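Right, one structure below, let's go through it.
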Protein chains: 2
Amino acid sequence: MSAPEVPVRRQTRQRTAVLALLEELDGFRTAQDLHALLRERGDAVGLATVYRALQALVDDGLVDVLRSEDGEAAYRRCSPVHHHHLVCRSCGTTVEVADPPVERWAARVAAEHGFADVQHQLEVFGTCRACAQR
Amino acid sequence: MSAPEVPVRRQTRQRTAVLALLEELDGFRTAQDLHALLRERGDAVGLATVYRALQALVDDGLVDVLRSEDGEAAYRRCSPVHHHHLVCRSCGTTVEVADPPVERWAARVAAEHGFADVQHQLEVFGTCRACAQR
DNA sequence: CGCCTGTGTGAGAATGGTTCTCATGACCAC
DNA sequence: GTGGTCATGAGAACCATTCTCACACAGGCG
């Protein structure tokens with residue numbers, strides 16, 4: 001029996017800064033980006049700390065992770081309910097979309113093949129209106 | 001105007017070996033795995049060559065790529081028509097599933113938000129019957 | 001209010017998957 | 001066969017991420 005494991009998250013300047021930056025930005029950003037941004041505005045935070053803060057936020061369900069095509073991780077502040085993303089391939093703007101029949105479909109297909117404990121991962125990529133007009 | 005760019009793919013022992021191995025295996029394998037397997041059975045192929053062969057196969061649409069949670073790429077021989085995957089989280093067994101209303105749904109949602117040139121990426125993860133029984 | 005303890009931090013090193021370099025080898029059109 | 005490319009392979013380079021470890025600070029307690 002594993003205990004609930006509440007890791008007693010301390011509130012520090014660095015963690016606050018990372019979350020605040022994510023709140024302020026739109027779309028997915030890599031850890032490297034966030035680190036560079038914080039540094040630019042004089043709010044110096046170590047790279048390792050940015051990674052740790054992001055992991056903690058992901059664990060708490062406050063932030064989404066996405067793997068870009070080249071394997072780099074991108075993070076985004078999100079609402080804590082299940083949803084998917086519509087991401088602009090060019091500028092990174094993101095729209096959260098509530099989920100459709102996909103839920104039911106995934107569950108049904110999985111059951112048909114004898115799979116249990118099902119999760120799914122769906123991202124839609126496209127070019128947003130602004131970028132298409134350039 | 002860019003020419004069609006047909007890179008004149010040569011047939012070599014190494015590329016044949018990589019594709020043959022993928023044909024033979026089931027489920028997604030990392031480049032490192034494939035390299036180790038080839039080496040074990042005495043069919044020595046350089047690691048860089050495995051990566052190059054896999055990229056060529058992906059470009060030709062003969063192989064699918066998937067990014068595992070830690071960013072490692074996994075490859076799998078696949079049918080050249082659009083489809084999604086049902087992957088066992090535990091043993092890696094994969095089932096190709098033809099896709100459902102998701103196609104239409106993705107297109108519609110994208111259009112509603114002014115996105116063009118839409119692609120999507122959907123993977124379903126679960127525990128297959130065999131693994132669940134252990 | 002100040003101490004204490006354990007958690008958080010940061011710089012740099014380590015890790016590990018992937019890509020690059022470049023000299024050498026092999027495919028294949030002629 | 002021959003030649004000109006393209007492919008190969010060993011190792012180095014690259015780069016995102018994680019680890020290490022000494023030091024700093026949050027925050028509960030006296």
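Numbered from 1 within each chain, the chains take letters A, B, ... in sequence-line order. From a predicted model like this one, the values you see are computed outputs, not experimental measurements.
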In chain order, what residues pass the side chain to side chain donor-acceptor pair (under 3.5 Å) check against A/E72, with sequence neighbours excluded? none
Look only at the side chain of B/H35 and the backbone of B/V45, and say whether a donor-acceptor pair between them is shorter than 3.5 Å. yes
Using side-chain hydrogen bond (donor to acceptor under 3.5 Å, both in side chains), reason through A/Y75 and A/Q55 one step at a time and then give a plain yes or no. CA-CA 10 Å; A/Y75 301 85; A/Q55 269 178 349; over 6 Å; no
Would you mind reading off the distance between A/R9 atom CZ and C/dG8 atom P, rounded to a whole angstrom? 8 Å
Listed by chain and number, what are the side chain to side chain donor-acceptor pair (under 3.5 Å) partners of A/E23, not counting sequence neighbours? A/R77
Within residues 63-76 of chain A, those residues having any heavy atom closer than 4.0 Å to DNA chain D are A/E72, A/A73
Could you state the atom-to-atom distance from CZ of A/R10 to C1' of D/dA26 in whole Å? 5 Å
Let me check the geometry of the helix from C/dC1-D/dG30 to C/dC30-D/dG1. What is the bend angle between the axes at its two ends, five pairs each, to 10°? 30°
Sequence neighbours excluded, the answer for side chain to side chain donor-acceptor pair (under 3.5 Å) partners of A/R76 is A/E96
Should B/Y51 be listed as having a side-chain N or O under 4.0 Å from OP1 or OP2 of C/dT19? no
Using a 4.0 Å cut-off on heavy atoms, which residues in residues 16-24 of chain A reach DNA chain D? List them by number, or say none. none
When rounded to whole Å, the CD to C1' distance for the pair B/Q32 and C/dT19 reads 12 Å
A/D60: side chain to side chain contact (heavy atoms under 4.5 Å, CB included) partners, not counting sequence neighbours: A/R9, A/L62
Interatomic distance where CZ belongs to A/F28 and P belongs to D/dA16 [whole Å]: 19 Å
Anything under 3.5 Å between a protein N or O and an N or O of nucleotides 8-14 of chain D, put it in a table, one pair a line.
| from | atom 1 | to | atom 2 | distance (Å) |
| --- | --- | --- | --- | --- |
| D/dT8 | OP1 | B/T12 | OG1 | 2.7 |
| D/dT8 | O3' | B/Q14 | NE2 | 3.0 |
| D/dG9 | OP1 | B/Q14 | NE2 | 3.0 |
| D/dG9 | OP2 | B/G46 | N | 3.0 |
| D/dG9 | OP2 | B/T49 | OG1 | 2.8 |
| D/dG9 | N7 | B/R52 | NH2 | 2.7 |

I'd like to know if the side chain of A/R29 reaches the main chain of A/D33, judged simply by a donor and an acceptor atom lying under 3.5 Å from each other, with no hydrogens or angles considered. no
Strictly below 4.0 Å: does A/Q11 bring a side-chain N or O up to OP1 or OP2 of D/dG27? no
Side chain to side chain donor-acceptor pair (under 3.5 Å) involving A/E24 - partner list, sequence neighbours excluded: A/R41
A/A48: which residues meet the side chain to side chain contact (heavy atoms under 4.5 Å, CB included) condition with it, sequence neighbours left out? A/R52
Sequence neighbours excluded and cut-off under 3.5 Å, please list the side-chain donor-acceptor pairs for residues 119-126 of chain B, or say none.
| from | atom 1 | to | atom 2 | distance (Å) |
| --- | --- | --- | --- | --- |
| B/Q119 | OE1 | A/R89 | NH1 | 3.2 |
| B/H120 | NE2 | B/H82 | NE2 | 3.4 |
| B/H120 | NE2 | B/H84 | NE2 | 3.2 |
| B/H120 | NE2 | B/E103 | OE2 | 3.0 |
| B/E123 | OE1 | B/H85 | ND1 | 3.4 |

Decide side-chain contact (heavy atoms from CB on, under 4.5 Å) for A/Q14 and A/V18; before the verdict, give the C-alpha distance in whole Å, the side-chain angles of both, and the deciding distance to 0.1 Å. CA-CA 6 Å; A/Q14 292 86 343; A/V18 169; 5.7 Å; no
Filter on salt bridge (charged side-chain N to carboxylate O under 4.0 Å, His left out), then keep only pairs touching residues 12-21 of chain A, sequence neighbours left out; what's left? A/R13-A/D43
Show the numbers, then the answer: is there a side-chain contact (heavy atoms from CB on, under 4.5 Å) between A/L54 and A/L22? CA-CA 10 Å; A/L54 288 171; A/L22 279 171; 3.8 Å; yes
